[in-house]
Amino acid sequence: MQVRDIYDSGDYLVLVTTDRQSAFDRILASIPFKGQVLNETSLWWFNRTRHMIPSAVLSVPDKNVTIAKKCSVFPVEFVVRGFVTGSTETSLWTVYKNGVRNYCGNVLPNGLVKNQKLTANILTPTTKAEDHDVPVTPDEIIERGLMTQDEFDEAREKALSLFEYGQRVALERGLILVDTKYEFGKSSDGSILLIDEVHTPDSSRYWISNSYEERFQNGLEPENIDKEFLRLWFRENCNPYEDKVLPDAPEELVCELAWRYIFLYETITKSRFEMQPMGEPIHDRISRNVSSALSSLQ
């Protein structure tokens with residue numbers, strides 16, 4: 001939740017998506033327009049997946065804000081993967097190259113190479129511990145009482161279906177949805193809701209589809225439009241897990257990431273990204289819009 005500010009308004013939660021950029025379980029930089037991109041990308045996907053699962057969204061009174069129903073959040077992140085890739089400690093490629101062949105209940109064959117497509121999408125759930133993600137198996141989730149068997153089975157089925165749908169939509173737009181994470185909660189009536197964000201460049205990895213195969217065959221990294229290049233820069237220039245103070249991200253990388261986020265939004269939604277007028281301070285604009293929305297929800 002490091003990139004969001006959350007306010008409790010009694011019956012509702014006000015989620016303000018900021019421009020903060022996180023990875024390695026800490027804040028790396030501030031990326032212009034990022035909060036707006038994430039909020040609006042999520043809303044686009046929430047609207048298009050309503051036939052699969054309802055979301056907690058009640059209203060979106062501002063480009064950076066979502067007002068959501070309160071629900072009890074399951075302490076499990078549903079990470080779905082279609083490829084062997086990644087650079088963080090819990091990423092599939094990192095654990096695979098370290099010799100792991102049974103990951104979160106998934107048996108992996110020998111001989112896989114980086115960025116290879118899996119024969120089927122897999123679920124690799126994680127749970128939080130002291131601000132970092134810890135992989136867990138489905139059995140451990142049930143044994144530790146994090147979810148009931150029925151809750152897990154429903155969320156697992158929804159996560160895999162959402163991912164398959166997301167992959168299909170992305171491919172129609174010239175993109176590969178490589179992996180993503182979903183979060184679920186339980187509403188007061190007992191139904192499972194999709195919460196947090198959906199298929200954003202923060203929660204997901206995207207590659208350009210038309211160059212993937214050739215680059216993969218030649219041992220080159222795929223063309224990506226996510227934050228992986230910024231993660232790799234920090235990996236190469238410091239120890240992002242242990243260094244107390246991190247170097248400032250280079251300005252050209254910050255601008256590049258802002259451009260990629262906007263490009264992804266426009267590619268996925270097939271609409272123009274509308275930047276907000278700069279006259280009114282953003283804090284004043286958000287406060288005004290949220291106050292108005294909350295009074296209409298009373």
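Computed from heavy atoms alone, side chains included, the values below leave out hydrogens, waters and symmetry copies.
Under a hydrophobic-cluster definition in which Ile, Leu, Val, Met, Phe, Trp and Tyr are linked whenever side-chain heavy atoms come within less than 4.5 Å, directly or via other members, I268 and W259 are assigned to the same cluster. Note: the hydrophobic cluster containing V80 also contains I53 (ILVMFWY, side chain heavy atoms under 4.5 Å, direct or indirect links). Cluster annotation: L177 and V198 are assigned to the same hydrophobic cluster (Ile/Leu/Val/Met/Phe/Trp/Tyr, side-chain heavy-atom contacts under 4.5 Å, transitive). Residues V290 and V57 are members of separate hydrophobic clusters, defined by side-chain heavy-atom contacts under 4.5 angstrom among Ile, Leu, Val, Met, Phe, Trp and Tyr.
Between V79 and D133, every side-chain heavy-atom pair lies at or beyond the 4.5 Å cut-off. For the pair L38/P201, a side-chain contact is recorded, criterion being any heavy-atom separation below 4.5 Å from C-beta on. With a 4.5 Å cut-off on side-chain heavy atoms, N106 and R81 do not count as touching. A 4.5 Å side-chain heavy-atom check between K63 and E40 finds at least one atom pair inside the cut-off. L264 has its side chain out of reach of V37: every pair of non-hydrogen atoms, C-beta onward, lies at least 4.5 Å apart. Looking at heavy atoms from C-beta onward, N121 lies in side-chain contact with Q167 at the 4.5 angstrom threshold. In this structure, the side chains of R48 and V169 stay at 4.5 Å or more apart for every pair of heavy atoms.
Side chain of Q36 to main chain of F33: no donor-acceptor pair is present (N/O by atom type, distance under 3.5 Å, no hydrogens or angles). Side chain of K186 to main chain of F74: no donor-acceptor pair is present (N/O by atom type, distance under 3.5 Å, no hydrogens or angles). In terms of modelled atom types and a separation under 3.5 Å, the side chain of S287 and the main chain of H283 share a donor-acceptor contact. Judged purely by atom type and a 3.5 angstrom limit, E266 uses its side chain to pair as donor or acceptor with the backbone of F273. Remark: the backbone N or O of C71 is not paired with any side-chain donor or acceptor of S187 at under 3.5 angstrom. At least one donor-acceptor pair under 3.5 Å links the side chain of Y206 to the backbone N or O of H199. Proximity of a side-chain donor or acceptor of Y12 to a complementary backbone N or O of L297 within less than 3.5 Å is detected. With hydrogens and angles ignored, the 3.5 Å screen pairs a side-chain donor or acceptor of T180 with a backbone N or O of S203. With hydrogens and angles disregarded, no donor-acceptor distance shorter than 3.5 Å links the side chain of R231 to the backbone of K227. Judged purely by atom type and a 3.5 angstrom limit, T137 uses its side chain to pair as donor or acceptor with the backbone of E140.
Remark: aromatic rings of F78 and F152 are close, center separation under 6.0 Å. Checked against the 6.0 Å centroid criterion, the rings of Y212 and F83 qualify as a close aromatic pair.
Between E172 and R168 there is no salt bridge, since no side-chain nitrogen of the basic residue lies less than 4.0 Å from a carboxylate oxygen of the acidic one. Salt-bridge annotation for E274 and R272: absent, with no side-chain N of the basic residue lying under 4.0 Å from a carboxylate O of the acidic one.
Rounding to the nearest 0.5 angstrom, the gap separating the CH2 atom in W45 from the CG atom in L194 is 12.0 Å. Put simply, CG on L92 and CG on L118 are 6.0 Å apart, with the number rounded to the nearest 0.5 Å. Here the CG-OG1 distance, from N47 to T269, works out to 12.0 Å after rounding to the nearest 0.5 Å. A distance of 6.5 Å separates CD1 of I282 from CG of D19, quoted to the nearest 0.5 Å. Between atom CG of residue L43 and atom CD of residue E197 there is a gap of 13.0 Å, rounded to the nearest 0.5 Å. Going from atom NZ of K270 over to atom OG1 of T267 covers 10.0 Å, rounded to the nearest 0.5 Å.
Between G86 and S91, the closest heavy-atom pair is C-OG, 3.2 Å. Closest non-hydrogen pair, P32 versus S30, comes out as CD-O, 3.7 Å. Shortest non-hydrogen contact noted between I195 and G185 is CG2-N, 4.1 Å. Scanning both residues, S209 and L175, for their nearest heavy atoms gives OG-N, 3.8 Å. Shown here for R215 and E223, the closest heavy-atom pair between the two residues is NE-N, 3.8 Å. In this structure, A293 and I67 approach most closely via the heavy-atom pair CB-CD1, 3.7 Å.
Under the side-chain hydrogen bond (donor to acceptor under 3.5 Å, both in side chains) rule, N39 has a single partner from N64, T66, T200, which is T66. Paired with D202 under the rule salt bridge (Lys or Arg N to Asp or Glu O under 4.0 Å), one option of R4, K34, R20 passes, and it is K34.
Ring geometry for Y165 against H51 counts as perpendicular: the plane angle is over 60°, on a 0 to 90° scale with 30° as the lower cut. Between Y182 and F184, the ring planes lie tilted relative to each other; the angle falls in the 30° to 60° range.
Under a cut-off of 6.0 angstrom, the local environment of CD in E214 is sparse, with at most 12 non-hydrogen atoms contributed by other residues, nucleotides or ligands. Taking a 6.0 Å sphere around CG of D248, one finds it holds 12 or fewer heavy atoms contributed by other residues, nucleotides or ligands. For CD of E164, the number of neighbouring non-hydrogen atoms (other residues, nucleotides, ligands) closer than 6.0 Å is 12 at most. By the 6.0 Å contact criterion, CZ on R205 is enclosed, its count of non-hydrogen atoms from other residues, nucleotides or ligands being greater than 12.
The list of ring pair (Phe, Tyr, Trp, His ring centres under 6.0 Å) pairs with a residue in residues 84-123, not counting sequence neighbours, is empty.
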**OP:** Under the side-chain contact (heavy atoms from CB on, under 4.5 Å) rule, what do T126 and K181 come out as? Steps first, then yes or no, please.
**Re:** CA-CA 10 Å; T126 63; K181 74 171 178 67; over 6 Å; no
**OP:** Could you walk me through whether D8 and K70 pass the side-chain contact (heavy atoms from CB on, under 4.5 Å) test, one step at a time?
**Re:** CA-CA 9 Å; D8 189 330; K70 272 191 179 171; 2.8 Å; yes
Original post:
How far apart are the C-alpha atoms of L193 and S55, what are their side-chain angles, what is the distance that settles it, and do they pass the side-chain contact (heavy atoms from CB on, under 4.5 Å) test?
Top reply: CA-CA 5 Å; L193 303 176; S55 78; 5.9 Å; no
Original post:
Could you go step by step and tell me if R26 and D243 meet the salt bridge (charged side-chain N to carboxylate O under 4.0 Å, His left out) rule?
Top reply: CA-CA 11 Å; R26 58 198 298 184; D243 290 356; over 6 Å; no
Subject >> Step-by-step side-chain contact (heavy atoms from CB on, under 4.5 Å) determination, N115 to W207 >> reply: CA-CA 10 Å; N115 303 325; W207 294 338; 3.7 Å; yes
**OP:** Would you check, one step at a time, whether the test side chain to side chain donor-acceptor pair (under 3.5 Å) holds for R235 with S87?
**Re:** CA-CA 9 Å; R235 269 257 129 101; S87 62; 4.7 Å; no
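Remark: R260 qualifies as a cation-pi partner of F229 under the 6.0 Å distance and 45° angle criteria applied to the six-membered ring.
As a member of the Ile/Leu/Val/Met/Phe/Trp/Tyr network built from side-chain separations under 4.5 Å, V107 groups with nothing else and remains a singleton.
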